[in-house]
Amino acid sequence: MSIDRRESVHPIFQIENLSIAYRGVVALAPVSLNLRKNAVTALIGPSGCGKTSFLTALNRLTDMIPECRVSGRIRFDGSDLYDPITNVLDVRRRIGMIFQNPTVFPMSIQRNLELPLEEHGLKDRGEKQKRVQKALEDAALWEEVKDRLKENAQSLSGGQQQRLCVARSLILEPEVILMDEPCSALDPLSTRKIEELIHRLRGDYTVIVVTHNLAQARRVADDVAFFWMREQTGFLVEAGSREQLFAQPRHPETQSYVNGLEG
Amino acid sequence: MFPSKSDFLLRLTTCLLSWVSALILVLIVWFLFVESELVWREVGVLRFLTDDRWSPSGDFSSAQFGLFPMIVASLLLAVGSILLAAPIGVGAALFAAYYAPRGVRQIFPRIVELLGGIPSVVYGLWGLVVLVPLISAYHPPGTSLLAGIVVVAIMILPTVALLTLSTFQQLPTSLIHSAAALGIAPTGIVRSVILPASRSGIMTAVLLAVTRAVGETMAVLMVCGNVIQAPSSPFSPVRTLTANIALEMAYAMQSHRSALFATGLALMLVVTLLVLIAEQQRGKAGHV
Amino acid sequence: MFDFSSNHAGTNHRLWTFFVWTSGILVFAIFGLIAGDVVWRGIGQINLTFLTDSPTRSGRAGGIFPILISTLGILGLCLGTAIPLSLATAIYLHEFSRKNGASARLIDRSLDVLAGVPSIVFGLFGNAFFAVTLELGFSLLSGGLTLACMALPLMIRSTQQGLRAVPDSFRLTAASLGLSRTSTIFRILLPAALPGILTGIILGIGRALAETAALLFTSGYVTRMPESLFDSGRTLSIHIYDLAMNVPGGESNAYGTALVLMILIVAINVTAGLLARMLLGRHIRLSFHQTRSLS
């Protein structure tokens, strides 16, 4: 299944028969899907339907989970993501990720941002300083923290921490940003800030966001993929542009879900 | 698998070093065995129990390897001290968990930790200077099995109290509340709910404390009098297996040295067994 | 927590309450008695010359300076060996090995047993392996290495607990930023696990300073000032033992030494606590009892 209308336009991820199992139990049945470059794609569906598993397969974070097996094929920017010769650290630099609960490291705001930069070979102080400021500006956090960069990042509010996480991803100049329910731990005001952020990223970055909030998907997404589950196994029901999926869903499950009858 | 060379090196190094850590145990057993091999071959296990005396130097036909009185002393010391320490330790843990005023509950573990951190020679010194004269006034000579039991009981008290306390703290609060809701009186709750639910944890605590009692050397060496004899009363001076090693290793040669290592190996086996049983109990406690 | 101190009728209950209170008070009393005894009898012995002079007349008179130096030397050797080894082992067990894999279980179990080995057995082993087989003789080196073997399981357990307390989200987030495992461990996990690591080091120091039996036939009991790590030297705890048992009239200096030893132990505890608080900006509760159980 694919987002047919725009398939020809630069898919950054080409996913064929991707399936994921934990301890031998299939959590996600084979999925085939293309994801458009520089668009915002929302993955929606009830909890447990494999959205998050799907997302973590895209930057190979599944490698970190014991007894998790991924099969099928993912092409990222044309090359096989799971090829043994793929440099996974480089892939993860190019594909940033924001988690459900903001995870800042217990060090200063500045160190939080510099650490990944240094890891990827940037040593020059002036350049680091410039990139820190730019990332914080892009994440709409600069004004709030510019005078307290040396403070412990854990002293920030939840919403600020999440924006710091976004800044920390952006500082590596990724091509893709994966977001796993980035607003579910945040208050409405912080949620709006993150959504505005997603809007601004559109066009420059590919954003793939998992959300259980249909209104949010409607607000931020260009494309939508709808997952459902049957007997513990998640699967992709359909995917399409936001207008198509919400206005003319092809499957009855999608229809009842987007109209709020189920899930 | 390893996109970064440093990751591969780190994994390799830490893996090798952790095998070094694990190898220490193998080395200990190996050296105890190699050093005592002579005596196992020439003397065998049985003579340790049946020989009349302990005079292990000289050639094997004339030397005597009777460890029996010391085995009895070690056993009585361990049993006596745990009989003393277990009820008080569990009582103290109950006190700290449920009975004491709030402020006391908080400092109690600190105090017990400090008690547990006192070096065993200091316990020995205190026993020798304070406790032994007290016992001697009642029944000379004072250095005795009893002195050893009291000092070792004090030394293992922190182990029993702290481990039991942490077992109590892991009990679900709902357990106590639901018992209280049934109208069971506080004493009843302790005896019919808390203690049975913590049985495995208390067993672990007691077993690990026994391990310490069996292995204790310095304090026992200082207060027990070190006479090789099966005690006729609690006031008899005795020598334990551990004290025997400490006293004689400095000048032991050949068969003598080998016999001391054999004693060490036997101690090691007893302690290993106790630890493995204790860990198994702890595993059970984890599933309550 | 439920409060049991409320009044409740019944002799059974009164007896029980009496038993519990007596046990609790007894623990405080014993601690007061022993600590008080050491302070009371030891305080008169301690002055500057006691710390800076060499012992004379078998230790009845004079000070403990060379003994302090030997103690610190042995302690340094012990920590210098045990800290890297325990960090490496804990890192491997917690960050690399497969959980519940056969090799991790084997290493874990052997550390449990090692923690229970009596100190006199460590003494035998240290004598046979370090002093005789490796030909280090009775020396600070033999003693320090033997103590390192003893302190190792405590320190590994503590570091493991520290690593366990670091949330998994740190590991996943670090990975998602393309950090290598090495950087993740050294720059994020170990700093975050510092309270556990420090607790382990304190426990290790406590165990090493308190140890006597394992040193009798490894470091020996020469009172001279050691000139190198290959020299024999006696620690504070051995000095206490020797004065109390083998030197008639040595008791007062034994108490003086005991007080110095206890002050040293408490001071190291307090310093490490302050250090941890300073480094992390929050109070660190030393999780003593779980690790203690292994000793």
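These numbers were taken from a predicted model, which means no experiment stands behind them. Note on naming: letters A, B, ... go to the chains in the order of the sequence lines (proteins, then strands), and numbering restarts at 1 for each one.
- Aromatic rings from B:Phe168 and B:Tyr98 are positioned such that their centres are separated by under 6.0 Å.
- Of all the listed residues (B:Thr211, B:Val112, B:Leu114), the one sharing the greatest number of non-hydrogen pairs under 4.5 Å with chain C is B:Leu114.
- Proximity to chain B is limited to the side chain of C:Leu216, based on heavy atoms less than 4.5 angstrom apart.
- For a residue to count as touching a neighbouring chain, one of its non-hydrogen atoms must lie under 4.5 Å from one of that chain's; by this rule C:Val38 touches chain B with the side chain only.
- Heavy atoms of C:Leu106 lying under 4.5 Å from chain B belong exclusively to its side chain.
- Annotation: C:Trp16 is in aromatic contact with C:Phe19 [ring centroid separation under 6.0 Å].
- Counted by atom type alone, C:Ser119 and C:Glu211 present one or more donor-acceptor pairs between their side chains at under 3.5 Å.
- Interface check for chain C: of the options B:Gly91, B:Pro101, B:Gly89, the most heavy-atom pairs under 4.5 Å are formed by B:Gly91.
- Contact tally against chain B (heavy-atom pairs below 4.5 Å) for C:Ala90, C:Pro84, C:Ser97, C:Pro118: the top residue is C:Pro118.
- Heavy atoms closer than 4.5 Å to chain B are found nowhere in C:Ile238, neither backbone nor side chain.
- Between C:Leu163 and C:Glu95, some side-chain heavy-atom pair lies under the 4.5 Å cut-off.
- Across B:Val129, B:Ile24, B:Leu128, the residue that shares the most heavy-atom pairs under 4.5 angstrom with chain C is B:Val129.
- Taking B:Thr263, B:Leu32, B:Leu27 one by one and counting their heavy-atom pairs under 4.5 Å with chain C, the maximum is reached by B:Leu27.
- Of the listed residues C:Ser183, C:Gly123, C:Ser86, C:Ser103, the one with more heavy-atom pairs under 4.5 angstrom with chain B than any other is C:Ser103.
- Each of B:Ala96, B:Ser18, B:Ala205, B:Gly215 has some count of heavy-atom pairs under 4.5 Å with chain C, and the biggest count is that of B:Ser18.
- At a 4.5 Å heavy-atom cutoff, the contact between C:Phe217 and chain B is made by side-chain atoms alone.
- Within the 4.5 angstrom heavy-atom criterion, only side-chain atoms of B:Thr217, from C-beta onward, approach chain C.
- When heavy atoms are compared at a cutoff of 4.5 Å, B:Leu221 approaches chain C by way of both its backbone and its side chain.
- The contact between C:Ile156 and chain B is made entirely by side chain atoms (from C-beta outward), counting heavy-atom distances below 4.5 Å.
- Contact annotation for C:Ile185: only side-chain heavy atoms (C-beta onward) come within less than 4.5 Å of a heavy atom of chain B.
- Proximity to chain B (any heavy atom under 4.5 Å) is restricted, for C:Ile265, to the side chain, taken from C-beta onward.
- Looking only at distances, no side-chain donor or acceptor of B:Asn244 sits under 3.5 Å from a matching main-chain atom of B:Thr240.
- With hydrogens and angles disregarded, no donor-acceptor distance shorter than 3.5 Å links the side chain of B:Thr14 to the backbone of C:Thr89.
- Interface residue C:Ile34: backbone and side-chain heavy atoms are both found under 4.5 Å from chain B.
- Taking the ring centroids of B:Phe95 and C:Trp21, they lie under the 6.0 Å cut-off.
- Heavy atoms closer than 4.5 Å to chain B are found in both the backbone and the side chain of C:Leu85.
- Contact count against chain B (heavy-atom pairs under 4.5 Å) is highest for C:Cys149 among C:Ala258, C:Gly220, C:Cys149.
- Heavy-atom neighbours of C:Arg105 CZ from other residues, nucleotides or ligands within 6.0 Å: at or below the threshold of 12.
- If you measure heavy-atom distances from B:Leu17 to chain C, the contacts under 4.5 Å come from both the backbone and the side chain.
- Between chain B and the residues C:Ala35, C:Ala244, C:Ser180, the most heavy-atom pairs under 4.5 angstrom are made by C:Ser180.
- Heavy-atom distances place the side chain of B:Met218, and not its backbone, under 4.5 Å from chain C.
- Side-chain atoms of C:Thr182 and B:Asp7 include a donor-acceptor pair closer than 3.5 Å.
- B:Phe31 and C:Phe129 have tilted rings, their planes meeting at an angle from 30° to 60° on a 0 to 90° scale.
- Interface residue B:Asn226: only side-chain heavy atoms are found under 4.5 Å from chain C.
- For chain B, the option among C:Gly126, C:Ala254, C:Ala88 with the highest count of heavy-atom pairs below 4.5 Å is C:Ala88.
- Between C:Arg41 and C:Asp37 there is a salt bridge, since a side-chain N of the basic residue sits under 4.0 Å from a carboxylate O of the acidic one.
- Side-chain atoms of C:Thr71 and C:Thr235 form no donor-acceptor pair, as typed in the model, at a separation below 3.5 Å.
- The heavy-atom pair separating B:Ala153 from B:Ala85 by the smallest distance is O-CB, 3.6 Å.
- Options B:Leu276, B:Val275, B:Ile118, B:Ile88 differ in how many heavy-atom pairs under 4.5 Å they form with chain C, and the most are formed by B:Ile88.
- Within the 4.5 angstrom heavy-atom criterion, only side-chain atoms of C:Phe122, from C-beta onward, approach chain B.
- Within a 6.0 Å sphere centred on CZ of B:Phe108, other residues, nucleotides and ligands contribute more than 12 heavy atoms.
- Between C:Asp108 and C:Arg157 a salt bridge is recorded (basic side-chain N to carboxylate O distance below 4.0 Å).
- Taking C:Ile91, C:Thr133, C:Ile25 one by one and counting their heavy-atom pairs under 4.5 Å with chain B, the maximum is reached by C:Thr133.
- Across every non-hydrogen atom of B:Ala161 and B:Ala93, the tightest pair is O-CB, 3.6 Å.
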